[in-house]
Enquirer: 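Let me give you the structure first, and then I'll get to my questions.
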Amino acid sequence: MVADLAAELPLMVLADLLGLPREDRHLLYQWSNNLVGFDDPEYGGGDVEAYRKTFFEAFQYALSVAGERRRAPRDDLMTLLATSEVDGRRLTDREFCNFWLLLVVAGNETTRHLITGSVLALVDNPTQRERLVADDTLLPSAVDELLRWVSPIMQFRRTAIEDTELCGTPIAAGDKVVLWYASANRDAAVFEAPDELRLHRNPNPHLSFGMGPHFCLGAHLARLEARTMLRELAPHLSRFRLTGPVVRLESNFVNGVKSLPGSFTGQ
Ligand code: HEM
């Protein structure tokens with residue numbers, strides 16, 4: 001389910017938007033696994049050298065495509081990023097590489113894990129799933145409820161720039177503050193029955209895309225991808241059977257699944 005289905009849609013969309021050959025999507029998959037899965041023994045295993053090597057390879061690749069696009073511009077995001085000017089100057093190589101890699105990682109891991117987590121949630125909740133199959137006007141609220149339920153990005157961290165206080169807790173300038181979106185998404189003071197999957201939940205003020213000035217740039221795209229995938233997939237999920245263990249990513253950042261073996265069998 002992960003490599004063959006959930007990973008493929010966001011990777012193809014990214015490759016098309018950026019203007020990269022579709023076959024290179026497997027490089028993007030590998031690089032983001034190595035970077036996001038830094039703590040997981042199967043990928044980075046905490047090896048800083050391997051982590052640096054992945055950055056280097058990904059940046060070399062991006063710079064080579066940028067060079068090609070400057071020589072021969074095309075109608076794609078790589079050309080836009082490589083040639084646009086901000087405040088009268090082009091992005092430096094470092095800015096270009098960092099932004100490119102942010103797009104690649106943010107645009108594929110997250111949506112992949114949302115799709116996989118949604119499959120697991122819908123397999124575990126057949127009544128909710130059947131409601132969705134019977135009425136696809138439920139798709140938009142279902143996607144937001146699945147975003148809340150899965151919380152693909154569990155936390156981000158900020159650094160306080162001035163002394164402040166949050167709910168009675170003093171925070172000093174320079175303190176690191178971890179925002180646990182996964183916890184906020186199950187806050188009983190905000191959500192009725194937070195531990196129940198309710199695909200019709202509305203309003204749904206989940207924080208899965210973060211908040212404030214860094215609110216997810218790809219939120220609309222991610223919702224569109226998830227709606228599209230669920231519309232196609234949900235009717236078949238009653239025939240989906242797990243054929244092996246679900247293997248989770250070792251990470252305190254991404255709520256990821258590495259492998260979800262199964263087959264579509266039965267009636
Ligand atoms: C289910 C899918 C997704 C989830 C759960 C998600 C989650 C998030 C979160 C929590 C942040 C905020 C980070 C912070 O607070 O510092 C963020 C930022 C961002 N996301 Fe997403 N994201 C998803 C899909 C995407 C997609 C598809 C793209 C692009 C193709 C994307 C691009 C970005 C970018 C560029 C930022 C940084 C925005 C900024 O710093 O101003 N994301 N995302």
Side-chain angles (χ1 to χ4, degrees), residues 1-2 5-20 22 24-25 28-29 31-33 35-36 58 62 76-78 80-81 84 86 91 95-122 139-161 166 176-187 199 204-231 233 249 251-257:
M1 183 60 80
V2 180
L5 261 175
E8 283 291 77
L9 177 65
L11 284 169
M12 284 183 186
V13 170
L14 264 181
D16 288 359
L17 281 177
L18 289 164
L20 304 173
R22 272 201 175 179
D24 286 0
R25 69 187 185 280
L28 310 184
Y29 183 67
W31 289 329
S32 68
N33 280 347
L35 296 176
V36 172
D76 63 26
L77 266 183
M78 287 307 263
L80 205 64
L81 284 176
S84 294
V86 182
L91 299 184
E95 286 168 340
F96 169 83
C97 285
N98 283 337
F99 189 68
W100 174 78
L101 197 62
L102 171 64
L103 270 184
V104 167
V105 174
N108 104 76
E109 288 268 343
T110 50
T111 317
R112 178 201 319 169
H113 298 313
L114 172 64
I115 293 170
T116 315
S118 299
V119 167
L120 281 173
L122 294 175
L139 273 167
S141 67
V143 165
D144 273 284
E145 175 66 347
L146 288 161
L147 275 158
R148 180 188 77 85
W149 188 259
V150 177
S151 300
I153 301 287
M154 293 186 285
Q155 46 90 359
F156 252 91
R157 196 184 72 172
R158 294 285 188 272
T159 306
I161 55 170
L166 194 62
K176 308 291 182 191
V177 181
V178 179
L179 316 174
W180 281 98
Y181 304 136
S183 171
N185 283 345
R186 300 286 178 115
D187 186 346
L199 297 184
N204 192 337
H206 66 77
L207 295 182
S208 290
F209 289 124
M211 76 197 101
H214 292 284
F215 183 83
C216 178
L217 189 69
H220 295 300
L221 177 61
R223 284 190 171 109
L224 175 63
E225 288 182 31
R227 275 203 310 275
T228 309
M229 183 59 106
L230 286 180
R231 182 181 290 121
L233 204 53
L249 184 71
S251 168
N252 70 1
F253 174 46
V254 169
N255 181 17
V257 171

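One-based numbering, in listed order, for ligands and for the atoms of each. Scope of the values below: all heavy atoms of this structure, side chains included, with no hydrogens, waters or symmetry mates.
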Enquirer: State whether the side chain of S208 and the backbone N or O of L147 hold a donor-acceptor pair below 3.5 Å, judged by distance alone.
Expert: yes

Enquirer: Write out the residue and atom name of the closest protein heavy atom to atom 34 (C) of ligand 1, then the distance separating them to 0.1 Å.
Expert: L217 CB, 3.8 Å

Enquirer: Using a strict 4.0 Å cut-off to heavy atoms of G210, name the atoms of ligand 1 that fall inside it.
Expert: 10 (C)

Enquirer: Run through V13, V36, L11 and flag the one making a side-chain contact (heavy atoms from CB on, under 4.5 Å) with N108.
Expert: L11

Enquirer: Could you tell me whether the side chain of R158 reaches within less than 4.5 Å of the side chain of H214, counting heavy atoms only?
Expert: yes

Enquirer: For F209, which part has a heavy atom under 4.0 Å from ligand 1: side chain, backbone, both, or neither?
Expert: both

Enquirer: Among protein heavy atoms, which lies nearest atom 30 (C) of ligand 1, and at what distance?
Expert: G107 CA, 3.7 Å

Enquirer: Counting from 1, what ligand 1 atoms have a heavy atom of L114 closer than 4.0 Å?
Expert: 1 (C)

Enquirer: Does ligand 1 come near enough to E225 that some N or O of the ligand is less than 3.5 Å from an N or O of the residue?
Expert: no

Enquirer: Using 0.5 Å steps for rounding, measure from the CH2 atom of W100 to the CG atom of L18.
Expert: 8.0 Å

Enquirer: Strictly distance-based, threshold 3.5 Å: is any side-chain N or O of R148 a donor or acceptor partner for the main-chain N or O of N185?
Expert: yes

Enquirer: Nearest to atom 23 (C) of ligand 1, what protein heavy atom do you find, and at what distance?
Expert: T110 OG1, 3.3 Å

Enquirer: Quick one: does ligand 1 sit under 4.0 Å from the side chain of L102, the backbone, both or neither, non-hydrogen atoms only?
Expert: side chain

Enquirer: Going by the closest heavy atom to atom 43 (N) of ligand 1, which one wins out of P213, C216, A106, P10?
Expert: C216

Enquirer: Do any heavy atoms of F99 fall under 4.0 Å from ligand 1?
Expert: no

Enquirer: Using a strict cut-off of 4.0 Å, indicate which atoms of ligand 1 neighbour a heavy atom of S208.
Expert: 5 (C), 7 (C), 10 (C)

Enquirer: Between the candidates M211, R158, R157, H113, which shows the shortest non-hydrogen contact distance to atom 14 (C) of ligand 1?
Expert: R158

Enquirer: Report the C-alpha distance between S141 and N204 in whole Å, list the side-chain angles of each, state the deciding distance to 0.1 Å, and finish with yes or no for side chain to side chain donor-acceptor pair (under 3.5 Å).
Expert: CA-CA 8 Å; S141 67; N204 192 337; over 6 Å; no

Enquirer: Of all the non-hydrogen atoms in the protein, which one sits nearest to atom 38 (C) of ligand 1, and at what distance?
Expert: H214 O, 3.7 Å

Enquirer: Is it the case that the ring center of F253 lies less than 6.0 angstrom away from the ring center of F156?
Expert: yes

Enquirer: Can you list the ligand 1 atoms lying under 4.0 Å from a non-hydrogen atom of L147?
Expert: 1 (C)

Enquirer: Between E8 and R25, is there a side-chain N and carboxylate O pair less than 4.0 Å apart?
Expert: yes

Enquirer: For side chain to side chain donor-acceptor pair (under 3.5 Å), just list the numbers for N255 and H113, CA-CA rounded to whole Å, side-chain angles, deciding distance to a tenth of an Å, and then say yes or no.
Expert: CA-CA 7 Å; N255 181 17; H113 298 313; over 6 Å; no

Enquirer: Can you see whether W180 has R186 sitting over its ring - NZ or CZ less than 6.0 Å from the centre and within 45° of the normal?
Expert: no

Enquirer: Output the list of atoms in ligand 1 that are nearer than 4.0 Å to some heavy atom of I153, sorted by atom number.
Expert: 7 (C)

